[in-house]
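To keep things clear, I will list the structure first and then write my remarks on it.
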Amino acid sequence: MYRYTKQFQKALVEWFNREKRDLPWRHTTDPYKIWVSEVMLQQTRVDTVIPYYENFLEKFPTAQALADANEEFLLKQWEGLGYYSRVRNLQAGVREVVENYGGVVPKTREEISTLKGVGPYTAGAVLSIAYGVPEHAVDGNVMRVLSRVLMIDEDIALPKTKKTFERAVMELIDYDNPSAFNQGLMELGAMVCTPTSPSCLLCPVRDYCTAFHEGEPEKLPVKTKKVKTKKIPYDVFIVEDEQGRILMEQRPETGLLANMWQFPMVEVKKDVVTDSVMAEMYHFELAGKDHLMPLKHVFSHLVWQMDGYILRATDVEEPPERSAWLTLDEVEKLPLSVSMQKFLAQYRIERQKL
DNA sequence: AATTCGGGGGC
DNA sequence: GCCCCAGAATT
C-alpha cells in the first residue's frame, strides 16, 4: 500500500508550478486548443509539435474554422507531422462538437470519448487540463513515472496494464488540482524521470519513490514487445511531359499516408520492368530516363527502399483516377509525405543543372 | 490482444 | 542500429 499520497501530490504539483516549461498550449484553457495540442502530441515530441501547433491555430483559430476546412489544405498543415489520420479524426470530432454540442466540448469522459480520435488518454487530458475535471490521462510518461514510484513491474506493452495505471492515477490524483497533477506527471517523465538515466537526484518526489529506495528505477518500466519491420523496394518516378508538367497521384483514402499525394511509385518485383509499367498504366510514351539518388524511408512497421528516376513522357493521354499532370506550383500546394518532399527537393536541384 | 498507423531525436 | 515519444482505430 502506498503511504505517501498527500505528500506526493503536494511535491509534484508544487514542482510543476515552479519548473514547468513555457509551452504554447499552457497559455490557454480553451478546450478546443487543448484538444488540438493533445492530438498533435500523440506519439510526438514537444519540440516537434510547437511550430505545427502555432501554425495550425493560426489557420484554424476556432472549432468552427476547423470544421469548415477543406481536407487538402488541412492535410497540408499536418504535412510532416505523421499519423495523418489524427487530423482527419480531429476534424470529424470537432464537427460533431459543432453540430451536436453547440460548439462546446463535452465535460464528461463518457461524452467526450464518443468523439472521433478521442481515446482514453486524450479524454482525460482535455477534461483535466481545460475543465479541471479529476480524470486520469495515462500516457507513456505516466506509466514510466508510476511504474517507478509504485514499483509496478507489469509489462506496459500489454493493453490491460494501462488499466492498472489508470486505477492508480484515480487513487493518487489531486482533486484540488487535477490539471497540474496530470501535467506534472508527464512533465516529470519528460524532464526528470526519463527512460534512460533518470535524474533521481533532482526529482521532487524522490522521497516518495519506491524504486528509488528499494529497487533500480532505470530497470522500470518492463516492456517486452519489439516491432518487426518489412522492407519493400520501390521505384519512384518523377515524370515530366513536354510542357514540364509532373505526374502526381493521390494515395488511397485508407491505410498508410491515406489521401496524401506522391510521385507514382511501383513496387520492384522479379521480372517486372517498372518504367514500362508506368508508361502503360499512366498512358504515355517513354522518351528519356535519368537516375536520382536512392532514398530509404523508415516507418514504424516497414521500410521503403526507394530508387528515384526522372522520366520524359511524350504522347500523353488522359491519366487514370486519382492522378493528374500538374505544374510545379500546383504540386507544392499538395500534401506530400516526407519521402516525397525529399524527392521533390532532389528534383529541383537536378532541374537547376539543366 | 495484436496490428496498423510517421517521423524525428537521443544514445 | 534501437528505443521512445502527452495514442487511437481497426482487426
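Naming: A, B, ... by sequence-line order, numbering from 1 per chain. What you see is a predicted model, and the numbers here were worked out from it, not measured in a lab.
- In this structure, a donor-acceptor pair under 3.5 Å is absent between the side chains of A:Q262 and A:S337.
- B:dA2 atom C1' lies 11 Å from atom CG of A:L158, rounded to whole Å.
- No contact: A:W78 has no heavy atom under 4.0 Å from any strand.
- For the P atoms, the distance from B:dG6 to C:dT11 is 15 Å, rounded to whole Å.
- With respect to A:E240 and A:R312, a salt bridge is recorded, a charged nitrogen being found less than 4.0 Å from a carboxylate O.
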In dot-bracket form, how is DNA chain B paired, counting a Watson-Crick or G-U wobble pair only if both its distances are under 3.5 Å and using | for bases paired to another strand?
|||||.|||||
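- Distance noted for atom P between C:dA6 and B:dT3: 24 Å (whole Å).
- The residue A:T122 sits close only to the backbone: its heavy atoms come under 4.0 Å of sugar-phosphate atoms, none of a base.
- Rounded to whole Å, atom P of C:dA8 lies 11 Å from atom CG of A:N89.
- A:R144 has a side-chain polar atom (N or O) that falls below the 4.0 Å cut-off from OP1 or OP2 of C:dC5.
- Under 4.0 angstrom from either OP1 or OP2 of B:dC5 there lies at least one side-chain N or O belonging to A:H301.
- Whole-Å rounding puts the A:E154 CD to B:dA1 C1' distance at 15 Å.
- The closest side-chain donor-acceptor pair between A:D207 and A:Q7, if any, does not fall under 3.5 angstrom.
- Taking side-chain N and O atoms only, A:K225 has no distance below 4.0 Å to OP1 or OP2 of B:dT3.
- A residue-by-residue look at A:A258 and A:A157 shows that A:A157 has its nearest nucleotide of DNA chain B further toward the 5' end.
- Between the C1' atoms of B:dC5 and C:dC5, the separation comes to 15 Å (whole Å).
- A salt bridge is defined here as a Lys NZ or Arg NE, NH1 or NH2 lying under 4.0 Å from an Asp or Glu carboxylate O, and A:E171 with A:R167 fails to meet this definition.
- Using a 4.0 Å heavy-atom distance criterion, A:R21 is classed as a base contact.
- The OH-P distance, from A:Y121 to C:dA9, rounds to 14 Å in whole Å.
- Looking only at atom types and distance, the side chain of A:T122 has no donor-acceptor partner in the side chain of A:E38 under 3.5 Å away.
- Computed from coordinates, the A:M40 CE to B:dC5 C1' distance equals 17 Å when rounded to whole Å.
- Remark on DNA chain B: of its neighbouring residues A:P159 and A:S85, the 5'-side contact belongs to A:P159, judged by nearest-heavy-atom nucleotide.
- For A:F8 and A:Y4, the gap between ring centers reaches or exceeds 6.0 Å.
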Identify the pairs formed between an N or O of the protein and an N or O of nucleotides 7-11 of chain B at a distance under 3.5 Å, and give each distance.
from  : atom 1 : to     : atom 2 : distance (Å)
B:dG7 : OP1    : A:Y84  : OH     : 2.8
B:dG7 : OP1    : A:V338 : N      : 3.3
B:dG7 : OP2    : A:H297 : NE2    : 2.7
B:dG8 : N2     : A:R45  : NH1    : 2.8

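- Which of C:dG1, B:dA2, C:dA6 sits closest to the side chain of A:K296 comes down to C:dG1.
- A:K230 comes within 4.0 angstrom of no nucleic acid atom, judged by non-hydrogen atoms across all strands.
- In this structure, A:Q42 places its CD atom 12 Å from C1' of C:dC5, rounding to the nearest Å.
- Taking the charged nitrogens against the carboxylate oxygens, A:E249 and A:R322 have no contact shorter than 4.0 Å, which rules out a salt bridge.
- Taking atom CG on A:L41 and atom P on B:dG6, their separation rounds to 18 Å, with Å as the unit.
- Residues A:Y53 and A:W25 place their aromatic rings such that the two centres sit under 6.0 Å apart.
- Across all strands shown, A:V49 has no heavy atoms under 4.0 Å from either base or sugar-phosphate atoms.
- If you measure from atom CD1 of A:I129 to atom P of C:dA6, you get 13 Å, rounded to the nearest angstrom.
- Using a 4.0 Å heavy-atom distance criterion, A:G189 is classed as making no nucleic acid contact.
- Between A:E79 and A:K76, at least one side-chain nitrogen of the basic residue sits less than 4.0 Å from a carboxylate oxygen of the acidic one, meeting the salt-bridge criterion.
- Between the side chains of A:D155 and A:T161, no donor-acceptor pair is found at a separation under 3.5 Å.
- The side chain of A:L256 lies closest to B:dC5, out of B:dC5, B:dA1, C:dA6.
- Remark: the A:N89 side chain and the A:R86 side chain contain no N/O donor-acceptor pair separated by less than 3.5 Å.
- For the pair A:V46 and A:S113, nearest-nucleotide mapping onto DNA chain C gives the more 5' position to A:V46.
- Comparing the C1' positions of C:dA9 and B:dG8 gives an interatomic distance of 23 Å, to the nearest angstrom.
- Dashed line: the shortest gap from a side-chain N or O of A:K223 to OP1 or OP2 of C:dC4 is under 4.0 Å.
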